[in-house]
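Here the structure is a predicted model, which is why all the values come from computation and not from measurement. Quick note: numbers below take in every heavy atom, side chains included, and nothing from hydrogens, waters or symmetry partners.
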Amino acid sequence: RRDELIMSQLTPRYVVNELNKYIIGQDDAKRAIAIALRNRLRRLKLDPAMQAEVKPKNILMIGPTGVGKTEIARRLAEIANAPFVKVEATKYTEIGYVGRDVEAMVRDLVEASIRMVKKIKHQEVREEAYERALTRLAKALKPGIKQEKKQQAQPNDFMAILQQMTHSQEEPQEVVTDDIKVSRRQIKEQLRQGLLNDKEVTIELEEKKLQLNNLNPMMEQMMDVQSEFQNLRPKKKIKRSVTVKEALELLTEEESDHLVNQDDINQQALELAQNSGIIFIDEIDKIATSSNHGGEVSRQGVQRDILPIVEGSDVQTKYGIISTDHILFIGSGAFHVAKPSDLIPELQGRFPIRVQLTDLKVDDFRRILQEPAHAILHQYQAMLATEGVEVIFTESAIDKMAEYAVLLNESTDNIGARRLHTIVETVLEELLYEAADMNMGRIEINGAYVSQRLDKIVESPDLSHYIL
């Protein structure tokens, strides 16, 4: 099975090392989440009776915004190749009120799982789909000689309408001569070599069904009924004028859809979601309350509705029923006003592992600027390099930006590492504006320049609040 094959690789130490590539600090949170992932892999090696009894140990991350709570969970899902959704607890309302019901988070997870499995299945049939796409594209570039299809007489008007409905989308008959066959073989070879990539072509594609997320169950049922009626008719064709390269991708995707079994995808996706799925519930502190006044009653209602999902229940989706017994839930919140103990006791008990994430220090900001894969400074250096500008950040510049980040987080709102984006953008504003018109070559950003760009703004409380 899939999870057993990667068991030897996804050790807690390996997971933490992978997380270290993207997130600075927060070692306790990384260790807790790596252990949670390993435990669900260990569960898969147990006998079926024991598997059913082992529940995931859900995690509650407590810490200010911008310190890495969401990023840790998101990167974990990438490392484990698991379905992942991030939801905002404040977007849900108690059943009976206007808004999304809590089961929508599980349906969103299934949709994410469907996309993952579909991508894997498409990769398995890509070679055959590519050959089919080449054949269709060669036909579009070198069409045969069209033949008018003779209309048969219909006994009455109703039969004529029915015939029109069932055959209106059929391709017209064509005569393919030997010369056309030879031309198509030559075109297919040119397509393989990429010689026609920039040529424009008009192709016919099946009209894709509109996917609307975040619908309530009633709307989903109405959409499903409408879809069933549409399936009674042949799929509508639409024409697209695109380059040959893009046409080849579109046709390969469509042929892949024809080659895979959608029911198999749905079943595998349901199993993947319920055994490996991760739901990250952000802002969970916003639905915690210590009193029963006003809107706080509804907050407790949301907690009561979330409880059975986290405890383990069966949720109906349009792909089938999914059990939430073994989905890993990660709650997250700053808990500045409310405390974890303000959650209803039953919900507290469903998040047994609690991890405190710490505020970022100067050294953390310094490392965030330059150490992670695709760090902020590396991103700006790469973007300016497209204009022929080589930007060098000195150690003093990095130190200054880190110090300003801590100062501003302490004196205004603490937004964690997100402060760095504003600071770097402000420091480089002049350079970003002028780079397109001037051949600047090599530019060095030092501590004095950072101070020059930020001092006046930092010293003015009003400017700090509105600009940084």
Colleague: Measure the shortest side-chain to side-chain distance between R442 and V391 over non-hydrogen atoms and say whether it is less than 4.5 angstrom.
Modeller: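 Side chain of R442 against side chain of V391, heavy atoms only: no contact under 4.5 Å found.
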
Colleague: For E128, check salt bridge (Lys or Arg N to Asp or Glu O under 4.0 Å) against everything at least two apart and list the hits.
Modeller: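 So E128 forms a salt bridge (Lys or Arg N to Asp or Glu O under 4.0 Å) with R132.
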
Colleague: Just jot down the side-chain hydrogen bond (donor to acceptor under 3.5 Å, both in side chains) partners of D27, sequence neighbours excluded, or say none.
Modeller: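 By the side-chain hydrogen bond (donor to acceptor under 3.5 Å, both in side chains) rule, D27 matches no residue at all.
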
Colleague: Do you know which of E124, H122, Q123 makes side chain to side chain contact (heavy atoms under 4.5 Å, CB included) with S256?
Modeller: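 By the side chain to side chain contact (heavy atoms under 4.5 Å, CB included) criterion, S256 pairs with just one of E124, H122, Q123: H122.
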
Colleague: Please list, chain by chain and in numerical order, all residues satisfying side chain to side chain contact (heavy atoms under 4.5 Å, CB included) with K361, sequence neighbours excluded.
Modeller: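 Scan of K361 (side chain to side chain contact (heavy atoms under 4.5 Å, CB included), adjacent residues dropped) gives D364.
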
Colleague: Not counting sequence neighbours, which residues clear side chain to side chain contact (heavy atoms under 4.5 Å, CB included) with E246? List them please.
Modeller: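 Scan of E246 (side chain to side chain contact (heavy atoms under 4.5 Å, CB included), adjacent residues dropped) gives R240, V242, T243, L250.
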
Colleague: Measure the OG1-CD1 distance between T422 and I415 for me, rounded to the nearest 0.5 Å.
Modeller: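 Spacing of OG1 (T422) from CD1 (I415) equals 5.0 Å.
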
Colleague: State whether a side-chain donor-acceptor pair under 3.5 Å links N266 with Q262.
Modeller: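 Yes, Q262 and N266 have a side-chain donor paired with an acceptor closer than 3.5 Å.
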
Colleague: For a quick check under 3.5 Å, do Y22 and E71 share a side-chain donor-acceptor pair by atom type?
Modeller: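 No, no side-chain donor-acceptor contact under 3.5 Å.
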
Colleague: Taking atom CD of E103 and atom OG1 of T317, what is their separation to the nearest 0.5 Å?
Modeller: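 Output value for this atom pair is 10.5 Å.
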
Colleague: Tell me yes or no: between the side chains of D399 and Y404, is some donor less than 3.5 Å from an acceptor?
Modeller: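 Absent: no donor and acceptor within the cut-off.
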
Colleague: Are any of the side-chain nitrogens in R107 or E111 under 4.0 Å away from the carboxylate oxygens of its partner?
Modeller: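 Answer for the salt bridge query: no.
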
Colleague: Judged by modelled atom types alone, do R40 and S276 share a side-chain donor-acceptor pair under 3.5 Å?
Modeller: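 There is no such pair between these side chains.
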
Colleague: Classify the side-chain pair Y319/Q267 by whether it contains a donor and acceptor separated by less than 3.5 Å.
Modeller: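 Not at all, the side chains of Y319 and Q267 share no donor-acceptor pair under 3.5 Å.
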
Colleague: I need the I327 CD1 to M105 CE distance, nearest 0.5 Å.
Modeller: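 Going from CD1 on I327 over to CE on M105, the span is 10.0 Å.
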
Colleague: Tell me, please, which residues at least two apart from A405 pass side chain to side chain contact (heavy atoms under 4.5 Å, CB included).
Modeller: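 Testing A405 for side chain to side chain contact (heavy atoms under 4.5 Å, CB included), a comparison that skips the adjacent residues, returns F365, R419, L420, I423.
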
Colleague: Does D282 have any salt bridge (Lys or Arg N to Asp or Glu O under 4.0 Å) partners at least two apart in sequence or in another chain, and if so, which?
Modeller: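 Result, salt bridge (Lys or Arg N to Asp or Glu O under 4.0 Å) vs D282: K86.
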
Colleague: Do F393 and L369 have side chains that get closer than 4.5 Å, going by heavy atoms?
Modeller: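 Heavy-atom side-chain distance check fails, nothing below 4.5 Å.
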
Colleague: Looking at residues at least two apart in the chain, or sitting in another chain, which of them share a side-chain hydrogen bond (donor to acceptor under 3.5 Å, both in side chains) with E189?
Modeller: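 E189 satisfies side-chain hydrogen bond (donor to acceptor under 3.5 Å, both in side chains) with Q193 only.
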
Colleague: Is there a donor in the side chain of K57 and an acceptor in the side chain of N39, or the other way round, less than 3.5 Å apart?
Modeller: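 No - no donor-acceptor pair under 3.5 Å links their side chains.
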
Colleague: Using 4.0 Å as the upper bound for N to carboxylate O, is an ion pair formed by R43 and E53?
Modeller: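 The answer is no: the pair does not qualify as a salt bridge.
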
Colleague: Measuring from L343:CG to I284:CD1, what's the distance to the nearest 0.5 Å?
Modeller: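 Going from the CG atom of L343 to the CD1 atom of I284 covers 5.5 Å.
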
Colleague: Run the side-chain hydrogen bond (donor to acceptor under 3.5 Å, both in side chains) test against Y130 and tell me which residues pass, sequence neighbours left out.
Modeller: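 Not a single residue meets the side-chain hydrogen bond (donor to acceptor under 3.5 Å, both in side chains) criterion with Y130.
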
Colleague: Indicate whether any N or O donor in one side chain lies under 3.5 Å from an N or O acceptor in the other, for E206 and H258.
Modeller: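 There is such a pair between these side chains.
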
Colleague: Working to the nearest 0.5 angstrom, can you tell me the gap between E88 CD and E283 CD?
Modeller: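 Between atom CD of E88 and atom CD of E283 there are 5.5 Å.
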
Colleague: List for me each residue that meets side-chain hydrogen bond (donor to acceptor under 3.5 Å, both in side chains) alongside T70, sequence neighbours excluded, and say none if there are none.
Modeller: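 If we apply the side-chain hydrogen bond (donor to acceptor under 3.5 Å, both in side chains) test to T70, skipping adjacent residues, there are no hits.
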
Colleague: Mind checking what makes salt bridge (Lys or Arg N to Asp or Glu O under 4.0 Å) contact with E444, not counting sequence neighbours?
Modeller: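 For E444, no residue satisfies salt bridge (Lys or Arg N to Asp or Glu O under 4.0 Å) once neighbours in sequence are set aside.
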
Colleague: By the definition salt bridge (charged side-chain N to carboxylate O under 4.0 Å, His left out), identify the one residue from E253, E249, E255 that meets it with R126.
Modeller: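 Output: one option passes, namely E249.
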
Colleague: What donor-acceptor contacts under 3.5 angstrom involve side-chain atoms of residues 349-360, with partners at least two apart or in another chain?
Modeller:
from, atom 1, to, atom 2, distance (Å)
Q356, NE2, I62, O, 3.4
D359, OD1, N414, ND2, 3.4

Colleague: Thinking salt bridges, do K21 and E371 make one under a 4.0 Å N-O criterion?
Modeller: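 Not counted as a salt bridge, because no side-chain N and carboxylate O are separated by less than 4.0 Å.
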
Colleague: Check side chain to side chain contact (heavy atoms under 4.5 Å, CB included) between Y449 and all other residues, then give those that pass, not counting sequence neighbours.
Modeller: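 Once residues adjacent in sequence are excluded, the partners of Y449 under the side chain to side chain contact (heavy atoms under 4.5 Å, CB included) criterion are V427, E430, I445, N446, Q452, R453.
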
Colleague: Could you walk me through whether R31 and D28 satisfy the salt bridge (charged side-chain N to carboxylate O under 4.0 Å, His left out) test, starting with their C-alpha distance in whole Å, then the side-chain angles of each, then the deciding distance to 0.1 Å, before giving a yes or no?
Modeller: CA-CA 5 Å; R31 286 172 64 91; D28 290 344; 5.5 Å; no

